[in-house]
Amino acid sequence: MLGTWSVSGDPEKSVTIKQGIKNVAGDNINILYAKGANISDDTAFIKRVNVFGEEIDVDKKSPEEMINEAVATANKADVVVAVLGEAADMTGESSSMTQIGLQESQENLLKALVKTGKPVVLVLMNGRPMTLTWEDEHVTAILDTWFGGTEAGNAVADVLFGDYNPSGKITASFPRNVGQIPIYYNHLNTGRPYHPGDSPKFKSDYLDAPNTPLYPFGYGLSYTTFSYGDVSLNSKTLQPGGKITASVNITNTGTRSGKETVQLYTRQMVGSIARPVEELKGFQQIILQPGETKRVSFDITVNDLKFYNSDLKYVHAPGAFKLFIGTNSADVKQADFTLEK
């Protein structure tokens with residue numbers, strides 16, 4: 001619950017997910033429980049993770065017995081909440097991994113739970129982006145809680161029961177598989193840029209997977225939905241001592257009040273050194289009632305467009321720019337402007 005580098009934390013004071021669910025559910029909902037799986041069944045791996053103490057507790061029951069018990073429990077339930085992920089010291093200092101998906105023991109459990117046909121909500125506890133391609137395709141919902149600390153159990157339960165509408169956005173891209181790593185939104189362009197629909201050969205892409213991450217930087221869902229209008233600029237040119245304003249209308253198209261993080265990105269098309277395909281330049285958080293529309297504006301000045309050149313001087317360079325506003329780094333609306341000399 002506390003994660004790595006929580007040396008002074010007292011795990012005995014942590015509210016578990018199970019206890020948090022019981023606290024929020026009260027006496028009106030019957031909560032069933034089964035352990036289901038060990039975090040890992042790999043004895044050599046467990047020994048390395050448990051170097052500072054018992055983080056992976058190996059049950060006396062066999063993996064098959066635990067899964068069978070979990071499936072029997074799930075068959076009695078209306079909804080399955082599968083709490084899976086990492087032990088604290090599976091991430092952090094000196095905790096690199098070549099496989100960053102769920103451990104095999106947990107994969108086997110999750111697949112067995114999905115086979116029951118019950119709605120399965122995956123509550124993920126982790127200290128790194130993970131590969132979740134199968135999970136994304138097969139479970140009903142994923143709630144990534146990271147390592148939330150002593151009150152995480154109550155907080156997670158508030159989200160699960162709908163008492164709180166989640167609004168978090170991830171600050172790292174989640175890869176589809178480890179072969180995509182390193183993967184990040186603000187990468188440099190290539191000599192043969194990838195454009196969907198281009199010739200199937202001779203471009204910077206993979207043969208066996210998309211270039212895009214599973215979940216892009218800035219991604220995060222809510223219990224409501226938001227739509228973005230087109231970006232409008234008060235001017236198509238920016239003078240070095242002036243500013244331009246970019247605006248967009250955002251509407252809550254769902255049935256719940258919700259918070260949205262509106263993100264601003266820019267791209268310089270040509271520079272004295274290679275420039276990223278996107279750079280986060282600002283964000284604003286707004287709360288919208290169902291059906292409500294708000295206009296969000298960003299002011300852009302030359303200071304937002306500076307970069308360190310090959311002489312390590314912090315400079316700006318005139319030329320063409322693209323501006324993006326959206327709900328994450330991939331789902332954006334675009335406008336063009338020019339920085340004058």
Side-chain angles (χ1 to χ4, degrees), residues 136 140-146 148 155-174 184-186 212-239 241-269 276-306 320-339:
D136 179 76
T140 307
I142 299 175
L143 177 61
D144 195 339
T145 69
W146 305 96
V156 168
D158 284 341
V159 172
L160 292 176
F161 281 86
D163 296 332
Y164 179 80
N165 190 356
S167 61
K169 303 285 188 174
I170 56 175
T171 56
S173 301
F174 277 50
Y184 46 94
Y185 85 96
N186 55 341
T212 56
L214 180 63
Y215 304 128
F217 177 90
Y219 178 85
L221 298 180
S222 166
Y223 289 148
T224 191
T225 53
F226 302 94
S227 68
Y228 282 65
D230 292 333
V231 177
S232 64
L233 301 178
N234 69 334
S235 174
K236 291 287 187 178
T237 59
L238 173 60
Q239 302 297 327
K243 69 177 182 180
I244 60 172
T245 300
S247 302
V248 63
N249 288 334
I250 300 164
T251 302
N252 182 341
T253 54
T255 59
R256 293 279 302 268
S257 171
K259 181 189 294 183
E260 170 68 340
T261 301
V262 186
Q263 301 163 40
L264 169 71
Y265 300 86
T266 63
R267 177 182 181 181
Q268 185 173 14
M269 302 309 296
V277 298
E278 254 185 325
E279 293 180 280
L280 179 67
K281 295 298 182 179
F283 62 88
Q284 295 184 38
Q285 290 188 324
I286 57 172
I287 296 176
L288 294 175
Q289 301 302 316
E292 182 182 5
T293 298
K294 285 186 179 179
R295 192 165 180 82
V296 175
S297 296
F298 294 92
D299 290 334
I300 299 98
T301 70
V302 70
N303 287 331
D304 297 310
L305 308 177
K306 288 183 175 181
F321 283 80
K322 291 187 180 296
L323 179 146
F324 312 95
I325 298 178
T327 186
N328 59 63
S329 59
D331 186 7
V332 294
K333 295 294 183 74
Q334 175 184 315
D336 298 324
F337 70 95
T338 301
L339 175 60

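In this text, all values refer to a predicted model and were calculated from it rather than measured experimentally.
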Rounded distance [0.5 Å steps], CD in Glu278 versus CG in Asn186: 8.5 Å
Main-chain N/O of Thr245 paired to Asn234 side chain as donor or acceptor, under 3.5 Å: yes
Backbone N/O of Trp146 and side chain of Asp144: donor-acceptor pair under 3.5 Å: yes
Side-chain H-bond candidate by donor/acceptor type, Tyr215 with Asn328, under 3.5 Å: no
Closest non-hydrogen atom pair, Val248 against Gly229: CG2-O, 3.1 Å
Rounded distance (nearest 0.5 Å) linking atom OG1 of Thr301 with atom NZ of Lys306: 8.5 Å
Between CG on residue Leu323 and CZ on residue Arg267, distance to nearest 0.5 Å: 13.5 Å
Side-chain (Asn165) to main-chain (Tyr223) donor-acceptor, under 3.5 angstrom: yes
Check: Thr225/Thr253 side-chain N/O donor and acceptor closer than 3.5 Å: yes
Closest approach of Val277 to Phe324 (non-hydrogen atoms, all atoms of both residues): O-CE1, 4.3 Å
Check against side chain to side chain donor-acceptor pair (under 3.5 Å), Glu279 and Thr266: CA-CA 5 Å; Glu279 293 180 280; Thr266 63; 4.7 Å; no
Closest approach of Val332 to Tyr265 (non-hydrogen atoms, all atoms of both residues): CG1-CD1, 4.5 Å
Criterion side chain to side chain contact (heavy atoms under 4.5 Å, CB included) on Gln268 and Leu305, from CA distance to verdict: CA-CA 8 Å; Gln268 185 173 14; Leu305 308 177; over 6 Å; no
Spacing of NZ belonging to Lys236 relative to CG belonging to Asp336, to within rounding of 0.5 Å: 6.0 Å
Smallest separation among heavy atoms of Pro290 and Asn252, with atom names: N-ND2, 3.7 Å
Salt bridge present between Asp299 and Lys243 (N-O < 4.0 angstrom): yes
Atom pair OG1 (Thr237) and CZ (Phe321), whose distance is rounded to the nearest 0.5 Å: 13.0 Å
Pair Thr327, Glu260: side-chain N/O donor-acceptor within cut-off below 3.5 Å: yes
Polar side-chain atom of Lys169 near backbone of Thr261 as donor-acceptor pair, under 3.5 Å: no
Over 12 non-hydrogen atoms of neighbours within 6.0 angstrom of CZ in Phe283: no
Criterion side chain to side chain contact (heavy atoms under 4.5 Å, CB included) on Ile300 and Leu264, from CA distance to verdict: CA-CA 10 Å; Ile300 299 98; Leu264 169 71; 4.3 Å; yes
Val262/Phe298 under side chain to side chain contact (heavy atoms under 4.5 Å, CB included): CA gap, chis, key distance, verdict: CA-CA 10 Å; Val262 186; Phe298 294 92; 4.1 Å; yes
Tyr219 ring center near Phe174 ring center (under 6.0 Å): no
Shortest non-hydrogen contact between Ile250 and Leu288, atoms and distance: O-CD1, 3.6 Å
Minimum-distance pair of heavy atoms, taken over all atoms of Leu160 and Leu143: CD2-CD2, 4.1 Å
Side-chain (Ser329) to main-chain (Phe217) donor-acceptor, under 3.5 angstrom: yes
Euclidean distance, Tyr185 OH relative to Thr171 OG1, rounded to 0.5 Å: 11.0 Å
Lys294 (side chain) donor-acceptor with Ile287 (main chain) under 3.5 angstrom: yes
Any donor-acceptor N/O pair, Gln284 side chain to Ser297 backbone, under 3.5 Å: yes
